[in-house]
Amino acid sequence: MSAANHSVVLLGGEADGGDDDGYGGGGAGQDPRFFPATLTIQVGDTVTWTLESDLEHNVAADDGSFRCADGCDGDGQSGDGDLSSSWTSFTLAFDTAGSNPYHCEAHGFAGGGMSGTVIVEGGAPPSADNGEIRFTGAVFVEPENGGNAVIDVERVSGSDGMVQVSYATSNGSATAGVDYTGTSGSISWADQEAGTKSFTVAVLDDTESENNETVTLALSAPTGGAVLASPSQATLRITDNDTASAGGLQFTSSTFSVGEGEAMATLSASREGGSDGSVSVDYYTADGSAVAGSDYTAVSGTLDWSEGDASNKSFDIPIFDDVAPEFAETVSISLADASGGASLGNPSAATLTINNNDGPMPCDDAEFSVCLLDRFLVTIRFETNDGSMGDARAFKLTDSAASFEFFEVGNVEIVVKMKDTCTLPDGHPLRNFWVFIAGLTNVRVEITIVDTVTGTVRKFINELNQPFFTPAPESPDGQANPPGAIQATTAALGAFPTCDL
(Lines give C-alpha, C1' and ligand atoms only; values in the text may rest on other atoms or scores of the structure.)
Protein backbone atom coordinates (compact mmCIF):
# COMPACT_ATOMS: atom_id res chain seq x y z
CA MET A 1 0.00 0.00 0.00
CA SER A 2 1.51 3.33 -1.06
CA ALA A 3 1.96 6.19 1.38
CA ALA A 4 -0.83 8.76 1.54
CA ASN A 5 -0.85 12.47 2.27
CA HIS A 6 -3.30 13.96 4.76
CA SER A 7 -4.31 17.59 5.26
CA VAL A 8 -4.73 19.70 8.39
CA VAL A 9 -5.88 23.32 8.16
CA LEU A 10 -5.02 26.01 10.74
CA LEU A 11 -8.11 28.22 11.15
CA GLY A 12 -9.00 31.34 13.13
CA GLY A 13 -8.24 35.01 12.54
CA GLU A 14 -9.10 37.68 10.00
CA ALA A 15 -8.14 35.51 7.04
CA ASP A 16 -11.43 33.65 7.52
CA GLY A 17 -13.24 36.92 6.82
CA GLY A 18 -16.30 35.89 8.82
CA ASP A 19 -17.49 33.60 6.00
CA ASP A 20 -18.22 29.92 6.13
CA ASP A 21 -14.88 28.27 5.40
CA GLY A 22 -16.21 24.82 4.56
CA TYR A 23 -14.68 23.27 7.67
CA GLY A 24 -17.65 23.45 10.00
CA GLY A 25 -17.87 27.26 10.35
CA GLY A 26 -15.26 29.88 11.00
CA GLY A 27 -14.74 33.57 10.94
CA ALA A 28 -12.92 36.43 12.48
CA GLY A 29 -14.45 35.85 15.89
CA GLN A 30 -13.87 32.07 16.04
CA ASP A 31 -11.20 30.56 18.29
CA PRO A 32 -8.07 29.37 16.49
CA ARG A 33 -8.06 25.64 15.89
CA PHE A 34 -6.67 22.77 13.82
CA PHE A 35 -9.08 20.96 11.49
CA PRO A 36 -9.30 18.08 11.94
CA ALA A 37 -7.95 18.16 15.49
CA THR A 38 -7.35 14.38 15.50
CA LEU A 39 -5.97 12.59 12.46
CA THR A 40 -5.28 8.85 12.10
CA ILE A 41 -2.73 7.81 9.47
CA GLN A 42 -0.49 4.85 8.64
CA VAL A 43 3.28 4.49 9.06
CA GLY A 44 5.00 6.20 6.12
CA ASP A 45 2.15 8.64 5.43
CA THR A 46 2.67 12.41 5.35
CA VAL A 47 0.67 15.27 6.84
CA THR A 48 0.47 18.73 5.23
CA TRP A 49 -0.49 21.66 7.47
CA THR A 50 -1.93 24.68 5.61
CA LEU A 51 -2.36 28.15 7.15
CA GLU A 52 -5.69 29.95 6.58
CA SER A 53 -5.45 32.76 9.13
CA ASP A 54 -3.93 36.19 9.69
CA LEU A 55 -2.83 35.13 13.17
CA GLU A 56 0.72 33.93 13.79
CA HIS A 57 0.66 30.16 14.17
CA ASN A 58 3.12 27.32 14.25
CA VAL A 59 3.00 23.59 14.95
CA ALA A 60 5.11 22.22 17.81
CA ALA A 61 5.16 18.60 19.05
CA ASP A 62 4.37 18.30 22.74
CA ASP A 63 7.49 16.14 23.17
CA GLY A 64 9.71 18.52 21.14
CA SER A 65 10.27 16.07 18.26
CA PHE A 66 9.31 18.65 15.62
CA ARG A 67 8.55 22.38 15.38
CA CYS A 68 7.35 23.85 12.11
CA ALA A 69 5.91 26.92 10.42
CA ASP A 70 8.28 28.57 7.96
CA GLY A 71 10.10 25.27 7.53
CA CYS A 72 10.83 22.77 10.29
CA ASP A 73 13.49 22.20 12.94
CA GLY A 74 14.98 18.89 13.86
CA ASP A 75 14.03 16.83 10.81
CA GLY A 76 16.57 17.83 8.19
CA GLN A 77 14.44 20.51 6.54
CA SER A 78 15.49 24.12 6.25
CA GLY A 79 13.80 26.95 8.14
CA ASP A 80 13.55 27.98 11.74
CA GLY A 81 9.95 27.06 12.49
CA ASP A 82 9.17 30.47 14.00
CA LEU A 83 5.61 31.66 14.54
CA SER A 84 4.47 33.43 11.41
CA SER A 85 1.36 34.53 9.53
CA SER A 86 3.07 34.49 6.14
CA TRP A 87 3.90 30.83 5.55
CA THR A 88 1.61 28.75 3.33
CA SER A 89 2.11 25.07 4.16
CA PHE A 90 4.62 22.43 5.16
CA THR A 91 4.66 18.64 5.07
CA LEU A 92 6.03 16.07 7.54
CA ALA A 93 6.43 12.30 7.16
CA PHE A 94 5.66 9.97 10.07
CA ASP A 95 7.67 6.73 10.04
CA THR A 96 6.97 5.41 13.53
CA ALA A 97 3.69 4.15 14.99
CA GLY A 98 2.34 6.01 18.01
CA SER A 99 0.44 9.08 19.18
CA ASN A 100 1.91 12.50 18.33
CA PRO A 101 0.16 15.33 20.24
CA TYR A 102 1.07 18.85 19.13
CA HIS A 103 0.01 22.47 19.65
CA CYS A 104 0.42 26.05 18.47
CA GLU A 105 2.84 27.78 20.81
CA ALA A 106 0.80 30.99 20.65
CA HIS A 107 -2.70 29.57 21.02
CA GLY A 108 -2.26 26.08 22.40
CA PHE A 109 -0.36 25.66 25.66
CA ALA A 110 -0.10 29.42 26.25
CA GLY A 111 -3.48 30.41 24.82
CA GLY A 112 -5.44 27.46 26.16
CA GLY A 113 -6.97 25.57 23.27
CA MET A 114 -5.23 25.11 19.92
CA SER A 115 -3.94 21.56 19.94
CA GLY A 116 -4.15 18.42 17.83
CA THR A 117 -2.96 14.84 17.58
CA VAL A 118 -1.61 12.69 14.75
CA ILE A 119 -2.17 9.00 15.52
CA VAL A 120 0.16 6.80 13.46
CA GLU A 121 -0.89 3.19 13.10
CA GLY A 122 1.66 0.53 12.25
CA GLY A 123 2.38 -0.42 8.70
CA ALA A 124 -0.04 -2.63 6.83
CA PRO A 125 -3.70 -2.74 7.83
CA PRO A 126 -4.38 -5.41 10.47
CA SER A 127 -5.30 -8.79 9.01
CA ALA A 128 -6.12 -12.14 10.55
CA ASP A 129 -3.43 -13.62 8.28
CA ASN A 130 -0.72 -11.43 9.80
CA GLY A 131 -1.22 -12.93 13.24
CA GLU A 132 -1.85 -11.89 16.81
CA ILE A 133 0.97 -11.17 19.28
CA ARG A 134 0.62 -11.75 23.03
CA PHE A 135 2.39 -12.94 26.15
CA THR A 136 2.16 -16.70 26.67
CA GLY A 137 0.72 -16.06 30.15
CA ALA A 138 -0.47 -13.26 32.39
CA VAL A 139 2.06 -14.00 35.17
CA PHE A 140 5.75 -14.95 35.06
CA VAL A 141 7.58 -15.94 38.26
CA GLU A 142 11.29 -15.74 39.03
CA PRO A 143 13.01 -16.20 42.42
CA GLU A 144 15.01 -13.27 43.68
CA ASN A 145 18.24 -15.24 43.19
CA GLY A 146 17.24 -16.62 39.79
CA GLY A 147 19.36 -14.26 37.70
CA ASN A 148 17.33 -13.69 34.53
CA ALA A 149 13.59 -14.08 34.14
CA VAL A 150 12.66 -15.38 30.67
CA ILE A 151 9.53 -13.70 29.30
CA ASP A 152 7.83 -15.53 26.43
CA VAL A 153 5.90 -13.77 23.65
CA GLU A 154 4.07 -15.63 20.89
CA ARG A 155 2.69 -14.99 17.42
CA VAL A 156 -0.49 -16.99 16.77
CA SER A 157 -3.43 -17.16 14.32
CA GLY A 158 -1.41 -16.13 11.26
CA SER A 159 2.11 -15.80 9.88
CA ASP A 160 1.91 -13.66 6.72
CA GLY A 161 4.59 -11.02 6.42
CA MET A 162 7.39 -9.87 8.69
CA VAL A 163 6.02 -8.41 11.92
CA GLN A 164 7.49 -6.78 15.02
CA VAL A 165 6.33 -5.78 18.48
CA SER A 166 7.88 -3.55 21.14
CA TYR A 167 8.21 -4.58 24.78
CA ALA A 168 9.06 -2.65 27.93
CA THR A 169 9.19 -3.06 31.70
CA SER A 170 7.96 -0.64 34.35
CA ASN A 171 7.82 -0.62 38.14
CA GLY A 172 5.07 -2.45 39.93
CA SER A 173 5.97 -2.93 43.57
CA ALA A 174 9.55 -3.70 42.46
CA THR A 175 11.97 -0.83 41.74
CA ALA A 176 14.18 -0.73 38.65
CA GLY A 177 17.87 -0.63 39.60
CA VAL A 178 17.15 -2.09 43.05
CA ASP A 179 15.07 -5.22 42.45
CA TYR A 180 15.50 -5.68 38.69
CA THR A 181 17.10 -4.06 35.65
CA GLY A 182 14.63 -2.19 33.46
CA THR A 183 14.64 -3.18 29.82
CA SER A 184 12.91 -2.41 26.54
CA GLY A 185 13.32 -3.46 22.93
CA SER A 186 11.55 -5.27 20.11
CA ILE A 187 10.93 -8.82 18.88
CA SER A 188 10.53 -9.75 15.21
CA TRP A 189 9.07 -12.68 13.29
CA ALA A 190 9.93 -13.34 9.64
CA ASP A 191 7.36 -13.99 6.92
CA GLN A 192 5.68 -17.37 7.55
CA GLU A 193 7.29 -17.58 11.00
CA ALA A 194 5.10 -17.99 14.07
CA GLY A 195 5.53 -19.40 17.57
CA THR A 196 7.27 -18.24 20.73
CA LYS A 197 10.17 -15.84 21.19
CA SER A 198 11.46 -14.36 24.42
CA PHE A 199 13.32 -11.55 26.14
CA THR A 200 14.93 -11.51 29.58
CA VAL A 201 14.61 -9.30 32.63
CA ALA A 202 17.59 -9.31 34.99
CA VAL A 203 16.50 -9.92 38.61
CA LEU A 204 18.72 -8.45 41.36
CA ASP A 205 19.28 -10.40 44.59
CA ASP A 206 19.60 -8.89 48.06
CA THR A 207 19.60 -10.17 51.66
CA GLU A 208 16.60 -8.19 52.86
CA SER A 209 13.51 -10.07 54.04
CA GLU A 210 10.63 -8.59 52.05
CA ASN A 211 7.38 -9.35 50.35
CA ASN A 212 7.25 -10.71 46.84
CA GLU A 213 7.50 -7.85 44.34
CA THR A 214 6.17 -7.25 40.85
CA VAL A 215 7.32 -5.80 37.54
CA THR A 216 4.82 -4.72 34.86
CA LEU A 217 5.48 -6.06 31.36
CA ALA A 218 3.84 -4.47 28.32
CA LEU A 219 3.68 -5.09 24.57
CA SER A 220 2.97 -2.21 22.17
CA ALA A 221 3.20 -0.88 18.60
CA PRO A 222 2.83 -4.07 16.53
CA THR A 223 3.89 -3.62 12.89
CA GLY A 224 3.44 -5.48 9.62
CA GLY A 225 -0.32 -5.80 10.06
CA ALA A 226 -0.17 -7.90 13.24
CA VAL A 227 -2.43 -6.99 16.15
CA LEU A 228 -2.08 -7.28 19.91
CA ALA A 229 -4.08 -10.02 21.61
CA SER A 230 -4.76 -10.65 25.29
CA PRO A 231 -2.69 -10.72 27.40
CA SER A 232 -0.65 -7.82 26.00
CA GLN A 233 0.23 -6.78 29.56
CA ALA A 234 1.65 -9.24 32.10
CA THR A 235 3.27 -9.34 35.52
CA LEU A 236 6.70 -10.61 36.51
CA ARG A 237 6.54 -11.72 40.15
CA ILE A 238 9.89 -11.73 41.94
CA THR A 239 9.69 -14.11 44.90
CA ASP A 240 11.76 -13.39 48.00
CA ASN A 241 14.35 -16.03 48.92
CA ASP A 242 15.29 -14.71 52.35
CA THR A 243 12.37 -16.02 54.45
CA ALA A 244 10.02 -18.98 54.38
CA SER A 245 6.75 -18.12 52.67
CA ALA A 246 3.33 -19.72 52.33
CA GLY A 247 3.21 -18.34 48.80
CA GLY A 248 0.62 -16.57 46.70
CA LEU A 249 -2.43 -18.25 45.15
CA GLN A 250 -3.68 -17.13 41.75
CA PHE A 251 -5.10 -18.34 38.45
CA THR A 252 -2.56 -19.61 35.93
CA SER A 253 -4.08 -17.20 33.38
CA SER A 254 -6.59 -14.36 33.38
CA THR A 255 -8.38 -15.90 30.37
CA PHE A 256 -9.68 -19.41 29.68
CA SER A 257 -11.83 -20.68 26.83
CA VAL A 258 -14.00 -23.69 26.01
CA GLY A 259 -16.15 -24.76 23.08
CA GLU A 260 -19.91 -24.75 23.62
CA GLY A 261 -20.00 -28.44 22.62
CA GLU A 262 -17.53 -29.50 25.32
CA ALA A 263 -18.91 -30.92 28.56
CA MET A 264 -16.49 -29.23 30.95
CA ALA A 265 -14.19 -26.23 31.16
CA THR A 266 -11.13 -26.84 33.35
CA LEU A 267 -9.54 -23.88 35.16
CA SER A 268 -6.30 -24.06 37.12
CA ALA A 269 -4.66 -22.09 39.92
CA SER A 270 -1.02 -22.01 41.04
CA ARG A 271 0.96 -21.54 44.26
CA GLU A 272 3.93 -19.27 43.66
CA GLY A 273 6.68 -17.80 45.82
CA GLY A 274 6.70 -20.39 48.60
CA SER A 275 5.21 -23.67 49.83
CA ASP A 276 5.49 -23.29 53.62
CA GLY A 277 2.51 -24.83 55.42
CA SER A 278 -0.94 -25.97 54.31
CA VAL A 279 -2.96 -23.33 52.47
CA SER A 280 -6.28 -23.00 50.66
CA VAL A 281 -8.33 -20.55 48.59
CA ASP A 282 -12.03 -20.40 47.69
CA TYR A 283 -13.33 -20.04 44.13
CA TYR A 284 -16.73 -19.13 42.71
CA THR A 285 -18.38 -18.23 39.40
CA ALA A 286 -20.66 -15.35 38.38
CA ASP A 287 -22.57 -14.49 35.21
CA GLY A 288 -20.85 -12.41 32.59
CA SER A 289 -22.78 -12.45 29.31
CA ALA A 290 -23.37 -16.18 29.91
CA VAL A 291 -26.23 -17.14 32.23
CA ALA A 292 -25.96 -19.84 34.89
CA GLY A 293 -28.49 -22.61 34.29
CA SER A 294 -28.71 -21.84 30.56
CA ASP A 295 -25.10 -21.67 29.40
CA TYR A 296 -23.17 -23.21 32.30
CA THR A 297 -23.55 -24.57 35.83
CA ALA A 298 -22.52 -22.21 38.62
CA VAL A 299 -19.85 -23.74 40.87
CA SER A 300 -17.97 -22.82 44.01
CA GLY A 301 -15.51 -24.64 46.23
CA THR A 302 -12.05 -24.68 47.80
CA LEU A 303 -8.62 -25.55 46.43
CA ASP A 304 -6.12 -27.02 48.96
CA TRP A 305 -2.33 -27.29 49.05
CA SER A 306 -0.44 -29.29 51.68
CA GLU A 307 2.95 -28.47 53.26
CA GLY A 308 5.61 -28.33 50.55
CA ASP A 309 3.06 -28.69 47.71
CA ALA A 310 3.46 -26.15 44.90
CA SER A 311 1.66 -28.03 42.11
CA ASN A 312 -1.22 -26.50 40.17
CA LYS A 313 -4.77 -27.26 41.28
CA SER A 314 -7.84 -27.30 39.02
CA PHE A 315 -11.63 -27.39 39.07
CA ASP A 316 -14.31 -27.92 36.40
CA ILE A 317 -17.28 -25.84 35.22
CA PRO A 318 -20.02 -27.81 33.38
CA ILE A 319 -20.96 -26.27 30.01
CA PHE A 320 -24.40 -26.50 28.33
CA ASP A 321 -24.75 -26.88 24.56
CA ASP A 322 -27.66 -25.36 22.66
CA VAL A 323 -28.66 -24.88 19.02
CA ALA A 324 -29.13 -21.09 19.04
CA PRO A 325 -26.69 -19.03 16.93
CA GLU A 326 -25.08 -16.50 19.26
CA PHE A 327 -21.84 -14.75 20.05
CA ALA A 328 -19.23 -16.07 22.42
CA GLU A 329 -20.34 -15.66 26.03
CA THR A 330 -18.36 -15.13 29.21
CA VAL A 331 -18.30 -16.35 32.81
CA SER A 332 -16.49 -14.45 35.57
CA ILE A 333 -14.47 -16.52 38.06
CA SER A 334 -12.87 -15.23 41.26
CA LEU A 335 -10.56 -16.45 44.01
CA ALA A 336 -11.11 -15.24 47.58
CA ASP A 337 -10.27 -15.90 51.23
CA ALA A 338 -6.75 -17.33 50.96
CA SER A 339 -5.86 -19.09 54.23
CA GLY A 340 -2.82 -20.59 55.98
CA GLY A 341 -0.73 -17.45 55.56
CA ALA A 342 -0.97 -17.46 51.78
CA SER A 343 -1.86 -14.28 49.92
CA LEU A 344 -4.00 -13.73 46.84
CA GLY A 345 -1.77 -13.36 43.82
CA ASN A 346 -2.41 -11.82 40.43
CA PRO A 347 -4.64 -12.67 38.65
CA SER A 348 -7.19 -13.53 41.32
CA ALA A 349 -10.00 -12.99 38.79
CA ALA A 350 -10.36 -14.65 35.40
CA THR A 351 -12.76 -14.83 32.46
CA LEU A 352 -13.99 -18.02 30.82
CA THR A 353 -15.13 -17.56 27.21
CA ILE A 354 -17.66 -20.06 25.87
CA ASN A 355 -17.23 -20.13 22.10
CA ASN A 356 -20.39 -20.67 20.03
CA ASN A 357 -20.59 -23.70 17.73
CA ASP A 358 -23.93 -22.97 16.04
CA GLY A 359 -23.01 -20.42 13.39
CA PRO A 360 -23.27 -16.63 13.30
CA MET A 361 -25.96 -14.62 15.04
CA PRO A 362 -28.80 -13.73 12.65
CA CYS A 363 -29.59 -10.11 11.79
CA ASP A 364 -33.36 -10.05 11.43
CA ASP A 365 -36.08 -7.42 11.39
CA ALA A 366 -38.70 -8.15 14.05
CA GLU A 367 -41.24 -6.32 16.21
CA PHE A 368 -38.58 -5.12 18.67
CA SER A 369 -35.42 -5.21 16.54
CA VAL A 370 -34.21 -4.00 13.19
CA CYS A 371 -31.25 -4.96 10.97
CA LEU A 372 -29.43 -1.99 9.36
CA LEU A 373 -26.92 -2.26 6.51
CA ASP A 374 -27.64 -6.04 6.51
CA ARG A 375 -25.40 -6.59 9.57
CA PHE A 376 -26.16 -4.24 12.50
CA LEU A 377 -28.90 -5.45 14.88
CA VAL A 378 -30.48 -2.52 16.79
CA THR A 379 -32.67 -2.86 19.89
CA ILE A 380 -33.87 -0.25 22.41
CA ARG A 381 -35.07 -0.69 25.99
CA PHE A 382 -36.70 2.12 27.99
CA GLU A 383 -37.62 2.76 31.65
CA THR A 384 -40.15 5.31 32.96
CA ASN A 385 -40.39 7.31 36.21
CA ASP A 386 -42.49 4.64 37.91
CA GLY A 387 -39.87 1.96 37.16
CA SER A 388 -41.82 0.20 34.41
CA MET A 389 -39.69 -1.05 31.55
CA GLY A 390 -40.38 -1.93 27.95
CA ASP A 391 -38.88 -2.71 24.56
CA ALA A 392 -39.27 -0.16 21.78
CA ARG A 393 -41.12 -1.28 18.66
CA ALA A 394 -38.91 -1.05 15.57
CA PHE A 395 -40.07 0.31 12.21
CA LYS A 396 -37.59 0.10 9.32
CA LEU A 397 -37.50 3.27 7.21
CA THR A 398 -34.67 2.39 4.82
CA ASP A 399 -31.84 -0.14 4.66
CA SER A 400 -29.83 2.23 6.86
CA ALA A 401 -32.42 3.90 9.13
CA ALA A 402 -35.20 2.98 11.53
CA SER A 403 -37.62 4.64 13.95
CA PHE A 404 -38.55 3.28 17.38
CA GLU A 405 -41.92 3.72 19.09
CA PHE A 406 -42.50 3.82 22.87
CA PHE A 407 -45.79 3.40 24.75
CA GLU A 408 -48.51 3.41 22.07
CA VAL A 409 -48.33 2.55 18.37
CA GLY A 410 -47.22 5.50 16.23
CA ASN A 411 -45.47 7.36 19.07
CA VAL A 412 -41.98 7.73 17.57
CA GLU A 413 -39.37 8.55 20.23
CA ILE A 414 -36.00 7.58 18.70
CA VAL A 415 -34.52 7.51 15.20
CA VAL A 416 -31.32 5.52 14.46
CA LYS A 417 -29.36 5.88 11.23
CA MET A 418 -26.10 4.21 10.16
CA LYS A 419 -23.69 5.25 7.43
CA ASP A 420 -21.17 3.01 5.66
CA THR A 421 -18.00 4.94 4.72
CA CYS A 422 -15.80 1.88 4.24
CA THR A 423 -15.24 2.92 0.62
CA LEU A 424 -12.93 5.68 1.87
CA PRO A 425 -9.20 4.90 1.51
CA ASP A 426 -7.35 2.94 4.19
CA GLY A 427 -6.22 5.18 7.03
CA HIS A 428 -8.90 7.82 6.50
CA PRO A 429 -10.12 9.04 9.93
CA LEU A 430 -13.78 8.71 8.89
CA ARG A 431 -13.48 5.19 7.46
CA ASN A 432 -15.97 3.50 9.80
CA PHE A 433 -19.57 2.52 10.15
CA TRP A 434 -21.02 5.74 11.59
CA VAL A 435 -23.91 5.81 14.05
CA PHE A 436 -26.43 8.68 14.23
CA ILE A 437 -29.10 8.74 16.95
CA ALA A 438 -31.70 11.44 17.64
CA GLY A 439 -34.56 11.40 20.14
CA LEU A 440 -37.53 13.24 21.61
CA THR A 441 -37.70 11.53 25.00
CA ASN A 442 -36.51 12.01 28.58
CA VAL A 443 -37.19 8.49 29.87
CA ARG A 444 -34.18 6.24 30.48
CA VAL A 445 -33.06 4.74 27.17
CA GLU A 446 -30.54 1.96 26.51
CA ILE A 447 -29.70 1.53 22.82
CA THR A 448 -27.78 -1.63 21.86
CA ILE A 449 -26.21 -2.07 18.42
CA VAL A 450 -24.50 -5.36 17.55
CA ASP A 451 -22.30 -5.96 14.52
CA THR A 452 -23.45 -9.52 13.76
CA VAL A 453 -20.43 -10.10 11.51
CA THR A 454 -17.76 -9.39 14.13
CA GLY A 455 -19.64 -9.50 17.44
CA THR A 456 -18.66 -5.89 18.26
CA VAL A 457 -21.26 -4.29 20.57
CA ARG A 458 -21.98 -0.61 21.23
CA LYS A 459 -24.35 0.64 23.95
CA PHE A 460 -25.63 4.20 24.29
CA ILE A 461 -27.48 5.13 27.51
CA ASN A 462 -29.50 8.25 28.24
CA GLU A 463 -30.51 8.56 31.89
CA LEU A 464 -34.03 9.13 33.26
CA ASN A 465 -35.34 12.74 33.22
CA GLN A 466 -32.40 13.95 31.14
CA PRO A 467 -33.07 15.64 27.79
CA PHE A 468 -31.95 13.27 25.08
CA PHE A 469 -28.13 13.22 25.14
CA THR A 470 -27.86 16.73 26.63
CA PRO A 471 -25.55 17.08 28.47
CA ALA A 472 -23.36 14.68 26.53
CA PRO A 473 -23.56 11.00 27.55
CA GLU A 474 -20.61 8.69 27.88
CA SER A 475 -19.91 6.27 25.06
CA PRO A 476 -18.94 2.63 25.74
CA ASP A 477 -15.22 3.33 26.21
CA GLY A 478 -15.67 6.43 28.36
CA GLN A 479 -15.27 9.19 25.79
CA ALA A 480 -17.91 11.95 25.71
CA ASN A 481 -20.13 12.32 22.66
CA PRO A 482 -20.97 15.84 21.47
CA PRO A 483 -24.10 17.40 23.05
CA GLY A 484 -27.39 16.83 21.26
CA ALA A 485 -27.92 13.97 18.85
CA ILE A 486 -25.18 11.34 18.82
CA GLN A 487 -22.78 11.38 15.87
CA ALA A 488 -20.58 8.35 16.52
CA THR A 489 -17.92 8.91 13.87
CA THR A 490 -14.91 7.28 15.51
CA ALA A 491 -14.29 4.19 17.63
CA ALA A 492 -13.70 6.46 20.64
CA LEU A 493 -17.22 7.87 20.19
CA GLY A 494 -18.93 4.55 19.62
CA ALA A 495 -18.63 3.97 15.86
CA PHE A 496 -17.75 0.55 14.45
CA PRO A 497 -14.19 0.45 13.03
CA THR A 498 -14.95 -2.95 11.51
CA CYS A 499 -14.66 -2.28 7.78
CA ASP A 500 -11.97 -4.93 7.27
CA LEU A 501 -13.20 -7.49 9.82
Side-chain angles (χ1 to χ4, degrees), residues 286-295 326-327 329-332 351 361-373 375-398 400-419 432-452 454-498:
D287 288 354
S289 55
V291 177
S294 299
D295 303 304
E326 56 193 353
F327 293 117
E329 298 173 306
T330 59
V331 181
S332 298
T351 299
M361 181 177 179
C363 188
D364 296 327
D365 296 329
E367 183 178 4
F368 300 108
S369 65
V370 69
C371 183
L372 301 183
L373 301 180
R375 67 186 281 179
F376 295 95
L377 188 66
V378 186
T379 57
I380 298 180
R381 189 145 179 86
F382 62 86
E383 179 180 357
T384 62
N385 276 312
D386 62 6
S388 61
M389 303 177 68
D391 296 306
R393 289 179 299 276
F395 184 79
K396 196 165 190 175
L397 302 174
T398 68
S400 61
S403 63
F404 289 83
E405 300 172 347
F406 298 1
F407 314 121
E408 67 270 5
V409 173
N411 184 46
V412 175
E413 296 278 342
I414 301 287
V415 174
V416 179
K417 175 184 176 182
M418 297 196 66
K419 175 69 174 177
N432 291 306
F433 291 100
W434 290 31
V435 180
F436 297 89
I437 308 172
L440 297 170
T441 185
N442 66 345
V443 301
R444 187 182 190 277
V445 175
E446 181 173 309
I447 303 165
T448 302
I449 305 177
V450 181
D451 184 347
T452 60
T454 66
T456 304
V457 179
R458 294 286 188 256
K459 283 184 181 289
F460 301 94
I461 298 173
N462 200 74
E463 295 299 340
L464 188 65
N465 295 323
Q466 173 179 289
F468 192 77
F469 292 119
T470 305
E474 296 298 311
S475 70
D477 59 0
Q479 299 295 318
N481 284 289
I486 278 184
Q487 296 184 29
T489 58
T490 67
L493 293 179
F496 290 82
T498 54

- Under the ring-ring contact (aromatic ring centres under 6.0 Å, His included) test, which residues partner F407, sequence neighbours left out? F382
- Note on the structure: Taken to the nearest 0.5 Å, the spacing of N432 CG from T498 OG1 works out to 8.0 Å
- Item | Pairwise distance CZ(F496) to CZ(R458) - rounded to 0.5 angstrom | 6.0 Å
- Can any side-chain N or O of T452 pair as donor or acceptor with the backbone N or O of R375 at less than 3.5 Å? yes
- Residues in side chain to side chain donor-acceptor pair (under 3.5 Å) contact with T351, at least two apart in sequence or another chain: none
- Partner residues of L373 under the side chain to side chain contact (heavy atoms under 4.5 Å, CB included) criterion, sequence neighbours left out: F376, D399, S400, M418, D420, F433
- Note on the structure: Between the CD1 atom in I449 and the OG1 atom in T379, the distance rounded to the nearest 0.5 Å is 9.0 Å
- Query: According to the side-chain hydrogen bond (donor to acceptor under 3.5 Å, both in side chains) rule, which pairs have a member within residues 361-371, sequence neighbours left out?
  - Reply: D365-K396
- Going by the side-chain contact (heavy atoms from CB on, under 4.5 Å) test, name the single residue among I461, N465, N462 that passes it with R444. I461
- Point-to-point distance, once rounded to the nearest 0.5 Å, from CG of N442 to CG of L464: 7.0 Å
- Shortest non-hydrogen separation from L372 to T398 and the atoms involved: CD2-O, 4.3 Å
- Task: Check R381 against D391 and note the closest heavy-atom contact, atom names and distance.
- Result: NH1-OD1, 2.9 Å
- Message: Is any side-chain heavy atom of V445 closer than 4.5 Å to one of F406?
- Response: yes
- Note on the structure: In short, salt bridge (Lys or Arg N to Asp or Glu O under 4.0 Å) pairs touching residues 403-417 with sequence neighbours left out are R393-E405
- Contacts of D287 that satisfy side chain to side chain contact (heavy atoms under 4.5 Å, CB included) - sequence neighbours left out: V291, A292, Y296
- Task: Please report the closest heavy-atom contact between A402 and V370, naming both atoms and the distance.
- Result: CB-CG1, 3.7 Å
